[in-house]
Amino acid sequence: MVVSYYRPTRVIVDLAAIKENIRTQQQYLAKDQTIFAVVKANGYGHGVLAVANAAQQAGATGFCVATLDEGIELREAGFQEPIFILGPIDLNGLIWASKYQLGLPITSLEYLHELIQQAKLLTFAKNQVLQLHLAFDSGMGRIGFRQANEIQTAIQWMDQAENMEWVGIFTHFATADEQGKAYWQQQFSRFETVLAQLPRQPKYVHVSNSATLLWQKPIGNVIRMGISMYGLNPSGTTLALPVPLKPALRLVSALTQVKLVEKGEKIGYGKTYETTQAEWIGTVPIGYADGFIRKFQGFSLLVDGYECEIVGRICMDQLMIRLPKSFPLGTEVVIIGKSKEKEISMQDLADYVDTIHYELACLISTRVPRVYVEES
Ligand SMILES: *Cc1c(COP(=O)(O)O)cnc(C)c1O
């Protein structure tokens with residue numbers, strides 16, 4: 001989708017906030033621990049390259065992405081730090097993992113067997129061995145080995161195979177952002193048991209997402225830091241942040257039309273809203289094709305510090321709000337961020353549609369330009 005610059009809808013990302021969030025959390029790192037910035041899904045919608053740059057400046061020494069293609073994008077942009085791909089790749093792309101030196105997760109013996117067969121068909125350049133991380137499923141139920149003895153076998157296979165190196169082991173927690181610690185503890189113990197049985201320690205041991213760093217015991221030497229770097233509370237509102245974080249993302253637009261509509265007139269598709277008196281109606285160029293889903297109907301956006309309800313259905317590219325009075329064309333409309341003394345957080349929006357801020361950040365489509373500032 002082409003990025004649409006000739007309308008006022010913008011994501012504004014404060015890179016200084018991202019850097020500050022990383023630096024504030026460095027106090028939780030042990031001496032031998034380092035941060036890999038998780039920049040999957042276009043840096044959680046913030047824009048991958050700018051975020052990666054900021055993270056690097058703030059001290060991140062590597063990156064995690066979700067797919068092979070995302071890893072290639074970072075390398076093509078010139079990043080030379082270690083990059084780890086969090087999900088199993090299509091083995092047709094194996095040669096790219098070697099060429100671009102992207103760490104891969106090994107999820108099962110079956111997958112490793114196929115990878116070894118595929119690798120035999122390829123010619124690897126010198127110093128381009130495949131870097132493999134064993135995924136251990138300690139209770140997330142998503143990817144990884146569940147049996148310690150299979151991990152032993154996998155290590156033997158990797159040691160025997162050419163052109164590959166076992167560089168890491170990791171797991172992922174399902175409840176690090178929750179109040180109760182029992183399930184987290186159970187996953188942690190399972191992982192520790194597996195660690196203790198390894199024939200040797202690999203270069204990278206990583207278990208920690210943002211929530212594990214902030215509220216649990218972040219063992220290992222790499223922290224996979226995602227959401228907290230963007231300034232959002234990993235738990236939503238369940239757990240209080242032990243340190244203040246600054247949300248880095250704002251979403252703004254502007255009024256493209258303002259009109260006085262008579263009493264009893266209908267607004268939007270399906271005429272779901274009727275004016276109860278003469279009302280000022282403003283049109284805002286953002287819609288569900290921008291990731292601003294129809295469920296936000298009824299939510300209030302901010303214009304000059306006033307809360308203005310979204311009236312009528314949200315269209316693909318535009319929506320209408322009820323204004324308290326007339327405003328000039330081009331007046332700013334805040335969807336996420338501050339307007340005078342009022343503020344809409346990503347959490348407010350997430351609560352309104354019963355989801356999590358992670359999802360909303362990723363939903364903002366590529367049509368919306370990302371603009372970068374340094375404010376904090
Ligand atoms: C996305 C992801 C992370 C980052 O999680 P946050 O909650 O955003 O810190 C870490 N590890 C894995 C395996 C992930 O998929």
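Counting starts at 1 for both ligands and their atoms, in listed order. Here, residue 1 is the first one in the sequence, and each next residue gets the next number.
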**Q** Which residue in the set N233, T238, T237 passes side-chain hydrogen bond (donor to acceptor under 3.5 Å, both in side chains) when paired with S235?
**A** N233
**Q** Is the side chain of Q33 donor-acceptor paired with the backbone N or O of A30 at a distance under 3.5 Å, no angle test?
**A**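 Checked: pair present.
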**Q** Mind checking what makes side chain to side chain contact (heavy atoms under 4.5 Å, CB included) contact with K217, not counting sequence neighbours?
**A** W184, F188, I219
**Q** Whether the side chain of Q216 engages the backbone of A176 through a donor-acceptor N/O pair (distance < 3.5 Å, no angle test) should be reported.
**A**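 Yes; at least one donor-acceptor contact below 3.5 Å.
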**Q** Check the pair F296, F292 against ring-ring contact (aromatic ring centres under 6.0 Å, His included), reporting the backbone distance first and the verdict last.
**A** CA-CA 7 Å; F296 285 119; F292 201 70; 4.4 Å; yes
**Q** Please determine which of F145, F36, F191, F84 meets the ring-ring contact (aromatic ring centres under 6.0 Å, His included) test together with F170.
**A**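 Single pass found, and it is F84.
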**Q** Taking only heavy atoms of the protein into account, state which residues are under 4.0 angstrom from an atom of ligand 1, in chain and number order.
**A**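 For ligand 1, the residues that come within the 4.0 Å heavy-atom cutoff are V38, K40, Y44, L86, R142, H172, N209, S210, R224, G226, I227, Y358.
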